[in-house]
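See below for the structure under consideration.
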Protein chains: 2
Amino acid sequence: MSTRIGILGYGNLGKGVELAVKAAPDMELVAVFTRRDPSSLKIATEGVPVVSVKDVADYKDKIDVMILCGGSATDLPVQTPEYAKLFNVVDSFDTHARIPEHFANVDASAKESGKIAVISCGWDPGMFSLARVYSNAILPDGNDYTFWGKGVSQGHSDAIRRIKGVKNAKQYTIPVESALEAVRNGENPELTTRQKHTRECFVVLEDGADAAAVEKEIKEMPNYFADYDTTVHFISEEELLKNHSGMAHGGFVFRSGKTGADKEHNHIIEYSLKLDSNPEFTTSVLVAVARAAKRMNDEGLKGCKTILDIPPAYLSDKSGEELRAHLL
Amino acid sequence: MSTRIGILGYGNLGKGVELAVKAAPDMELVAVFTRRDPSSLKIATEGVPVVSVKDVADYKDKIDVMILCGGSATDLPVQTPEYAKLFNVVDSFDTHARIPEHFANVDASAKESGKIAVISCGWDPGMFSLARVYSNAILPDGNDYTFWGKGVSQGHSDAIRRIKGVKNAKQYTIPVESALEAVRNGENPELTTRQKHTRECFVVLEDGADAAAVEKEIKEMPNYFADYDTTVHFISEEELLKNHSGMAHGGFVFRSGKTGADKEHNHIIEYSLKLDSNPEFTTSVLVAVARAAKRMNDEGLKGCKTILDIPPAYLSDKSGEELRAHLL
């Protein structure tokens, strides 16, 4: 029987989940839930209803897993505990510092309802977390390195847009190639913030804005830019939309660890992603996790989980026999 | 309480397990078991007994997990089902084609005894299998690529040593850089055997052997060399021992997959290992898996498992809280 999926929220993530469900042979999209007027929303899948979130409880027994496609800042901290009362849920909560708090809230709710709620699924947190946990368990004596990019950082782009005189902006986070190479070569470098990433900004000014003042304000912005080598390009809005609307992203996770009687052997584990579409990759992870969430709940498990708690085979639509014969 | 480990077999793998147990804060080595005369064996850890395999049953309640360090050809097919009758066990069985059969034998034995037996742990099968399963689950529409090396292939080195006139030999499997780059660039190449790896052989001849005849026999050997671009170097035994005794290895697993309404977005997942010591990395995996095996058995699970069945967090000595706060 297909896993019956609901989507809550129809932005970039919701649309990506819709595509990933369509690509999965064992999944079926039941409905898309929206806070907007449902009649105002046209989705890509024929024959699937768009439903107001007010009516979500009507779907309690029609949906196996609800995939929550809201944002981490304000949506998910409220939505995930709330909808875990009715459904198995999966979210992509990515504010690392607030994960313990989010976990506790969701866990209480899901334990009470007897549902499974998997939080913080995507690529970081998500696949990058897996890379870190596996490699730390295998090589306890070593160093971790995570690099992001090249890709657009939404938070940094937003920070530039808040500057007076800025009409629009995109900011790319770019890993420093020489730092990647030093890690890859087993040099175990100690890297400052500046040595790991550079930041490149494409900025559209308002008419009459002072470019030099904007550039100075960007480069000196604490936390966001002051600790980095930052490049600022002023471009037209047309050029921004034409050349900087992509959603590519990626990054690298390394563990460089030592073994041996005299710690004489070095080992490098590298995991990297090069993604044409950040939201579509994230939602591909969410959908694989939804498969596992149903299976775990069918086995009687409940409460909040992360991808670290899920047996890898549960993410796959293949049987144990198939996996052992072909992928092990 | 520490996880109490036994080692069965004291070759490269057994020695590697001993080092990895020492590096783990939550593990304790109880005994090393050998088929040899125990008095002939000196191990690296002070105060740990070397015991004849004949007396292994005496340790039934003193060991949480027995790590089986025999070979895949003849040792493990017998040992793993046998010792799973007494202990939770972990092995590194790596004959891919025979995994389903080995699984069935071990599963029957472990289910009867109520123990956990985790087979085929290492890096391939093992970490590379994880990379394949995760990335296939996330990107169902795509291509898999596995490359091995640069590293010594024991099977190919043995095949050369069986040639008349050859005194000693080492064979390196080397991935073709241009093939790696094509995969990394998302070109989704169809690669022949010859296009993926080259083979480089270092050969010591017997006195009076015919170098040209040996080289021809190597290069034309079916399955092993005929389908590859193979280079043969004749060197002295002294040079072989000096420059080709290392146990470095490694490799790359890629998934190149597509998403999007028109499959217009490509994503590359790359997992790679660069290992100074193949056996020490393999045994570092075995020891992390032993930790998980105990935990699963303590929870009442039994039977044969692979690393695909183990929640990643179980491999770590850190608590769920610590993992969520620091590595997720």
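Computation of the quantities below employed the complete heavy-atom set of this structure, encompassing side-chain atoms and omitting hydrogens, waters and symmetry-equivalent molecules. Every chain is numbered from 1, with letters handed out A, B, ... down the list of sequences. Because the structure is predicted, anything quoted here is derived from the model rather than measured.
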Mind telling me whether B:H267 and A:F281 have parallel, tilted or perpendicular rings, with 30° and 60° as the class edges? tilted
Interface residue of largest heavy-atom contact number with chain A, from B:S316, B:S277, B:A313, B:P125, under 4.5 Å: B:S277
Close side-chain approach of A:F147 to A:L180, heavy-atom, < 4.5 Å: yes
Could you tell me if the side chain of B:P189 sits less than 4.5 Å from the side chain of B:Y145, heavy atoms only? yes
Quick one: are B:H102 and B:D91 in side-chain contact, heavy atoms under 4.5 Å? yes
Contact part of B:Y271 toward chain A, heavy-atom cut-off under 4.5 Å: side chain, backbone, both or neither? both
Just so I understand: if I count every heavy-atom pair under 4.5 Å between each of B:A288, B:G260, B:P25 and chain A, which residue has the most? B:G260
Which region of B:K305, side chain (C-beta onward) or backbone (N, CA, C, O), has a non-hydrogen atom less than 4.5 Å from a non-hydrogen atom of chain A, or is it both or neither? neither
Counting heavy-atom pairs under 4.5 Å with chain A, the top scorer among B:L308, B:N136, B:I307, B:D124 is B:L308
Interchain contact, A:M127 with chain B, by part (heavy-atom threshold 4.5 Å): side chain
Is B:L139 close to chain A through its backbone or its side chain, or both, or neither, when contacts mean heavy atoms under 4.5 Å? side chain
Within the structure provided, determine whether A:D94 and A:T282 are in side-chain contact (heavy-atom separation under 4.5 Å). no
When heavy-atom pairs shorter than 4.5 Å are enumerated against chain A, which of B:I268, B:L273, B:V289, B:T259 gives the highest number? B:I268
Examine the side chains of B:T3 and B:D64 and answer whether a donor and an acceptor come within less than 3.5 Å of each other. no
Does A:K15 come within less than 4.0 Å of A:E18, counting only side-chain N to carboxylate O? no
Residue part contacting chain B, namely of A:R255, when any heavy atom lies under 4.5 Å: neither
B:T306, part contacting chain A, at a heavy-atom distance under 4.5 Å: side chain
What part of A:L328 lies closer than 4.5 angstrom to a heavy atom of chain B: side chain, backbone, both or neither? both
Let me know if B:L275 has heavy atoms under 4.5 Å from chain A in its side chain, its backbone, both or neither. both
Heavy-atom distance under 4.5 Å to chain B: side chain of A:D317, backbone, both or neither? neither
Min side-chain heavy-atom separation A:L286-A:S92 under 4.5 Å: yes
Locate the shortest heavy-atom distance separating B:R291 from B:Y314; write the atom from each residue and the value. CG-O, 3.9 Å
Top contributor to chain A contacts, counting heavy-atom pairs under 4.5 Å, from B:R132, B:H96, B:E280, B:K22: B:E280
Among B:V133, B:L315, B:V253, B:I269, which residue forms the greatest number of heavy-atom pairs with chain A at distances under 4.5 Å? B:I269
B:D141 portion near chain A, given a 4.5 angstrom heavy-atom threshold: neither
Which bit of B:N185 is near chain A, if near means a heavy-atom gap under 4.5 Å: side chain, backbone, both or neither? both
Indicate yes or no: at least one non-hydrogen side-chain atom of B:F254 is less than 4.5 angstrom from one of B:S135. no
With the side chain counted from C-beta on, respond yes when B:P311 and A:P311 share a heavy-atom pair under 4.5 Å apart, and no when they do not. yes
Okay, B:I99 and chain A: the region with an atom under 4.5 Å from a heavy atom over there is side chain
